[in-house]
Trainee: 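Here it is: the structure, laid out below.
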Amino acid sequence: MRVVNLFGETLREAPAETEIVSHQLMLRAGFIRQLAAGIFSYLPLAQRSLRKIEQILREEMDAIGAQEIEMPVVHPAEIWQKTGRWQAIDETMVRFKDRKGHEMVLALTHEEVVAELTRSEIKSYKQLPQAVYQIQTKFRDEQRARGGLIRVREFIMKDSYTLDRDEAGLAIQYTAHYNAYHRIGARVGLNLIAVGSDVGMMGGKVAHEFMYLSPIGEDSLIVCENCDYAANQEIAEFEKPRYDNGPALEMEKVATPGAKTIEDLSQFLGIEPHQTCKAVFFVAEYGKTLKNKLVVALVRGDMEVNDVLVKNWSKANVLRTATPEEITAVGMVPGYASSVGITNDDVLVIADELISLETNLVAGANEEGYHLRNVNCGRDFKPDLIVNIATARSGDTCIKCGAKLTLQRGVEVGNIFQLGTRYTEAMGANYVDEAGQLKAVVMGSYGIGVGRLLACIAEEYRDDRGLKLPISIAPYAVCLISLCRTPEGQERANTLYTELLGAGVETLYDDRKDVSAGVKFADSELRGIPLQIVISEKSMERGGVEWKLRGSDERTIVSLDETVSCMKQEIAKLHALLSERAENAPKWDKG
RNA sequence: CGGGGUGUAGCUCAGUUGGCAGAGUGCAUGUUUUGGGAACAUGAUGUCGCAGGUUCGAGUCCUGUCACCCCGACCA
């Protein structure tokens with residue numbers, strides 16, 4: 001492609017409303033243009049990069065036996081109603097009526113359609129396992145788009161779905177995806193870490209997110225400094241320190257005027273926060289049919305409540321913070337609250353495991369200005385659930401190896417879910433096993449955001465001159481810059497361009513006559529093209545053309561005759577580095 | 001959805017007390033340059049986000065509204 005013909009300008013300055021560097025650079029380099037909040041056009045350079053990412057995705061999906069299909073973007077409401085997600089998902093799902101008045105939705109994922117296809121195609125255990133995938137635009141009306149391509153409303157996603165007879169089959173395909181995702185990360189030049197994650201609206205049991213670690217990330221991750229333990233903070237576990245408060249003593253009421261927080265209370269009574277019991281209040285909403293419940297989440301005073309865990313344990317559709325009125329309505333007093341003496345069917349008490357283990361804690365007396373000493377779980381109150389609901393924090397202890405945990409930010413570029421039979425049961429997607437029994441097909445679901453991947457690569461590979469893209473996803477491998485001024489020189493440059501194209505070297509050719517050399521260099525570097533060739537009268541005097549790698553200032557002379565083979569060689573070297581990374585990519589080792 | 005911010009030339013931004021719509025950059029044309037975002041000259045470019053209102057007169061003041069950005073909540 002000649003730069004004069006390339007659609008998409010480079011910008012000297014980035015538009016003011018951009019914050020994230022990858023966003024600024026992709027705008028400046030002429031990769032993307034924003035049409036509306038979270039809605040972008042991909043210009044030719046981005047389109048080429050996206051195609052390359054998609055090609056890698058296709059190769060890796062094909063390699064694990066998945067078959068490419070394409071499913072509809074517009075779905076009838078019925079299939080979403082069958083699985084309950086019509087009700088469960090908020091305005092993120094775009095709904096509209098067609099001309100006949102039928103409720104329709106824009107697909108935000110395709111579990112329902114896959115289950116529907118499974119129902120029509122899969123009848124016998126002999127047809128399993130199966131895996132299908134597609135690469136397609138999705139629309140999710142996010143409450144807030146941000147960060148350029150990091151979080152958008154319209155985006156390209158590779159989504160795949162596995163179908164198996166049982167959990168064991170699912171585990172095999174899940175593992176295959178896990179390994180494939182690491183290979184994909186390596187091939188595009190990113191180190192992705194797999195973290196255990198919440199299943200969110202997908203449902204199911206096991207899930208991992210593939211994270212690009214970066215301060216611009218939206219997710220908080222708990223990562224062990226020593227071993228491979230890593231989890232989204234939403235579900236991260238940690239080794240909780242224990243303290244011995246002695247054998248259970250008799251409960252006693254104590255005046256604690258004005259001591260409404262754990263800190264106040266500890267100071268007032270001269271005790272440590274870990275000798276108290278913290279109560280945090282939520283309201284669990286269960287939709288229109290079931291009554292809301294007030295959820296009392298109890299953790300030891302030195303811990304924080306993890307509301308994702310509370311939401312999951314409460315099985316609520318929506319979990320929100322309770323208002324003071326809602327708390328007093330069930331007989332508790334904010335600031336002096338505990339579940340002692342509360343017996344109400346509309347209250348769900350969820351206690352962290354520590355609460356049941358520790359003795360003689362201080363808890364609220366449900367009376368303004370009073371607390372209770374020596375409160376003991378089981379004796380003085382009985383939680384509905386005793387589970388883990390404490391938030392892991394930086395500095396906590398790894399549950400696997402005992403080392404320190406750190407908090408890091410990450411961008412979720414992919415996720416994998418073991419769905420089980422939630423969707424297939426709802427849709428009646430069954431098969432007959434060897435024994436002639438009807439069973440629900442076991443599903444898995446796996447996504448990768450293609451544009452988000454590109455954004456992460458741009459974030460990772462850049463310098464003060466612009467993008468510095470890996471060969472595997474750069475729109476062109478070579479930028480050929482001609483500074484020739486004589487007709488003979490220009491002819492020579494044209495010939496070289498033709499030869500490069502003929503040899504299959506993807507080349508961007510800058511022979512613009514009306515811009516200075518500096519502009520050509522700057523554009524080539526801003527666009528992130530890995531290899532640069534300069535041809536000029538001066539270079540010919542030195543024996544041929546000069547070439548250099550993006551990111552290096554070392555120019556090498558190579559004769560005109562050898563230029564094409566030299567470039568092919570350099571490209572192969574760059575590819576080899578990434579292939580090697582792919583071969584050494586992490587593999588599933590979790591049994 | 002809550003809090004904050006910004007809307008003036010393609011982009012970055014100035015615009016005083018309410019009194020002719022501006023600069024840099026980019027764009028067009030020409031001349032000179034020519035290996036790191038050239039110089040000079042000439043020129044084109046505006047629904048001052050939109051709609052009302054106040055005023056002799058509004059980019060500027062008032063009301064409403066829309067869009068975009070940031071933080072939070074939310075998030076497959």
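Note that the coordinates shown come from a computational prediction; the quantities given were computed from them, not determined experimentally. Order of the sequence lines sets the chain letters (A, B, ...), proteins ahead of strands, with each chain counted from 1.
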Trainee: For the base of B:G37, is there a side-chain donor-acceptor partner from A:Arg28 under 3.5 Å away?
Mentor: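 Indeed there is one.
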Trainee: In whole angstroms, how far is the P atom of B:A28 from the CD atom of A:Glu9?
Mentor: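 Distance check: A:Glu9 CD to B:A28 P gives 9 Å.
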Trainee: Mind checking A:Val534 for me? I need base, sugar-phosphate or nothing, with any heavy atom below 4.0 Å counting as a touch.
Mentor: base
Trainee: Tell me whether the NZ or CZ atom of A:Arg95 lies within the 45° cone about the ring axis of A:Trp80 and under 6.0 Å from its centre.
Mentor: no
Trainee: Given atom CD of A:Glu13 and atom C1' of B:U25, what is their separation to the nearest angstrom?
Mentor: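 Taking CD of A:Glu13 and C1' of B:U25, I get 7 Å after rounding.
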Trainee: Quick one: A:Arg512 CZ to B:U34 C1', roughly how many Å, whole number?
Mentor: 14 Å
Trainee: Is A:Arg550 positioned over the aromatic face of A:Phe521, cation under 6.0 angstrom from the ring centre and no more than 45 degrees off axis?
Mentor: no
Trainee: Return the 5'-most residue of the pair A:Glu19, A:Met157 with respect to RNA chain B, ranking by each residue's nearest nucleotide.
Mentor: A:Glu19
Trainee: A:Glu537 has an atom CD; how far is it from atom P of B:U34, in whole Å?
Mentor: 13 Å
Trainee: Nearest-Å distance, NZ (A:Lys548) to P (B:G36)?
Mentor: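 Rounded to the whole Å, the gap is 13 Å.
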Trainee: Whole Å only: how far is the CZ atom of A:Arg485 from the P atom of B:U32?
Mentor: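 Atom CZ in A:Arg485 sits about 14 Å away from atom P in B:U32.
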Trainee: Side chain of A:Arg465 only, please: which of B:G36, B:C71, B:C69 is the nearest?
Mentor: B:G36
Trainee: When you compare the side chain of A:Glu460 with that of A:Leu190, does any pair of heavy atoms fall below 4.5 Å?
Mentor: yes
Trainee: Suppose we define a pair by two distances each less than 3.5 Å, Watson-Crick or G-U wobble; what does B:U31 pair with here?
Mentor: B:A39
Trainee: Which label fits A:Tyr446 and A:His177: parallel for a plane angle under 30°, tilted from 30 to 60°, or perpendicular past 60°?
Mentor: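 It falls in the parallel class, under 30°.
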Trainee: What integer distance in Å separates A:Arg12:CZ from B:U25:C1'?
Mentor: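 Rounded to the whole Å, the gap is 7 Å.
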Trainee: Could you give the CD-to-C1' distance, from A:Gln143 to B:C1, as a whole number of Å?
Mentor: 7 Å
Trainee: Considering only side-chain heavy atoms of A:Ser516, which listed nucleotide, B:A38, B:U12, B:C71, is closest?
Mentor: B:A38
Trainee: With hydrogens left out and only the distance checked, is there a donor-acceptor pair under 3.5 Å joining A:Arg320's side chain and the base of B:G2?
Mentor: no
Trainee: Looking at A:Arg144, does any N or O in its side chain come under 4.0 Å of the phosphate oxygens OP1/OP2 on B:C70?
Mentor: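 Checking A:Arg144 against B:C70: at least one side-chain N or O falls below 4.0 Å of OP1 or OP2.
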Trainee: Ignoring backbone atoms, establish whether A:Gln34 has a side-chain N or O less than 4.0 Å from OP1 or OP2 of B:C69.
Mentor: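 A:Gln34 to B:C69 OP1/OP2: side-chain N or O found under 4.0 Å.
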